[in-house]
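The structure displayed is predicted, hence computed values, not measured ones.
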Amino acid sequence: MYDESDRVIPKFIRRAKRGEELPLYGREKLLDFTHIEDLTKGIILGIKRFDSVKNNVFNLSGNQPTLILKVAELINQHYEIGRASCRER
């Protein structure tokens, strides 16, 4: 796997492939997953308009929060683990 980081999706995938439970830190936790191309477009737009936007703060996100439990369930389904074998911590 290309991503050996401790970020949630790569971590969940590694654990699911090994048949391990996926650790949840709050079933109601929402995360916003944003595609790198969307972030890149936002950064480039900020550079192009630098003179008019300098000293401003921007939050680049997809604005579509997803329940971490749903992410875990989708990964479990993909790896055919069945009903979410997730453990809340």
Side-chain angles (χ1 to χ4, degrees):
M1 177 175 234
Y2 77 95
D3 193 340
E4 295 299 323
S5 71
D6 217 23
R7 292 177 289 183
V8 69
I9 291 181
K11 184 178 194 175
F12 278 8
I13 290 171
R14 282 194 309 273
R15 292 181 69 100
K17 285 172 118 177
R18 294 190 302 249
E20 299 173 2
E21 288 184 325
L22 307 185
L24 294 179
Y25 301 95
R27 292 169 103 58
E28 301 301 317
K29 183 175 183 177
L30 294 167
L31 295 177
D32 189 355
F33 299 98
T34 307
H35 195 276
I36 188 68
E37 287 181 12
D38 296 329
L39 293 172
T40 304
K41 287 176 187 176
I43 292 167
I44 291 171
L45 187 58
I47 292 169
K48 287 180 178 178
R49 297 184 179 173
F50 180 77
D51 288 335
S52 63
V53 300
K54 64 183 173 187
N55 299 320
N56 289 311
V57 176
F58 297 92
N59 182 8
L60 302 176
S61 71
N63 199 27
Q64 293 178 316
T66 304
L67 277 173
I68 191 69
L69 177 61
K70 182 67 175 170
V71 173
E73 288 173 344
L74 288 170
I75 290 171
N76 278 337
Q77 287 172 8
H78 179 77
Y79 288 97
E80 299 179 352
I81 295 172
R83 184 84 169 87
S85 59
C86 306
R87 177 177 34 129
E88 188 156 4
R89 291 187 172 188

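Grouped by direct or indirect side-chain proximity (heavy atoms under 4.5 Å, Ile/Leu/Val/Met/Phe/Trp/Tyr only), L45 sits alone. Hydrophobic cluster membership of V57, counting Ile, Leu, Val, Met, Phe, Trp and Tyr whose side-chain heavy atoms lie under 4.5 Å apart directly or via other members: none, as it forms a cluster of its own. Taking Ile, Leu, Val, Met, Phe, Trp and Tyr as hydrophobic and joining them when side-chain heavy atoms fall under 4.5 Å apart, one finds V53 in a cluster with F58.
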Under 3.5 Å, side-chain donor or acceptor atoms of residues 29-39 against the rest of the protein: list the pairs with distances, not counting sequence neighbours.
{"from": "D32", "atom 1": "OD1", "to": "G62", "atom 2": "N", "distance (Å)": "3.4"}
{"from": "D32", "atom 1": "OD2", "to": "S61", "atom 2": "OG", "distance (Å)": "3.2"}
{"from": "D32", "atom 1": "OD2", "to": "G62", "atom 2": "N", "distance (Å)": "3.2"}
{"from": "D32", "atom 1": "OD2", "to": "N63", "atom 2": "N", "distance (Å)": "2.9"}
{"from": "T34", "atom 1": "OG1", "to": "G62", "atom 2": "N", "distance (Å)": "3.0"}
{"from": "H35", "atom 1": "ND1", "to": "E37", "atom 2": "N", "distance (Å)": "3.0"}

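Sorted by first then second residue, the side chain to side chain donor-acceptor pair (under 3.5 Å) pairs that include residues 49-60, not counting sequence neighbours, number zero.
A donor-acceptor pair is defined here as one N or O able to donate and one able to accept, closer than 3.5 Å; no such pair exists between the side chain of R15 and the backbone of E20.
No path of Ile, Leu, Val, Met, Phe, Trp and Tyr side chains, each step under 4.5 Å between heavy atoms, connects L67 with I75, placing them in separate hydrophobic clusters.
Scanning both residues, L22 and A16, for their nearest heavy atoms gives CD2-N, 3.8 Å. In terms of heavy-atom proximity, F12 sits nearest to A72 at CE2-CB, 3.7 Å.
Considering V71, I13, I68 as possible partners of V8, the one that fulfils the side chain to side chain contact (heavy atoms under 4.5 Å, CB included) test is I68.
Scored by the side-chain contact (heavy atoms from CB on, under 4.5 Å) test, I44 finds T40, K48 as partners (sequence neighbours excluded).
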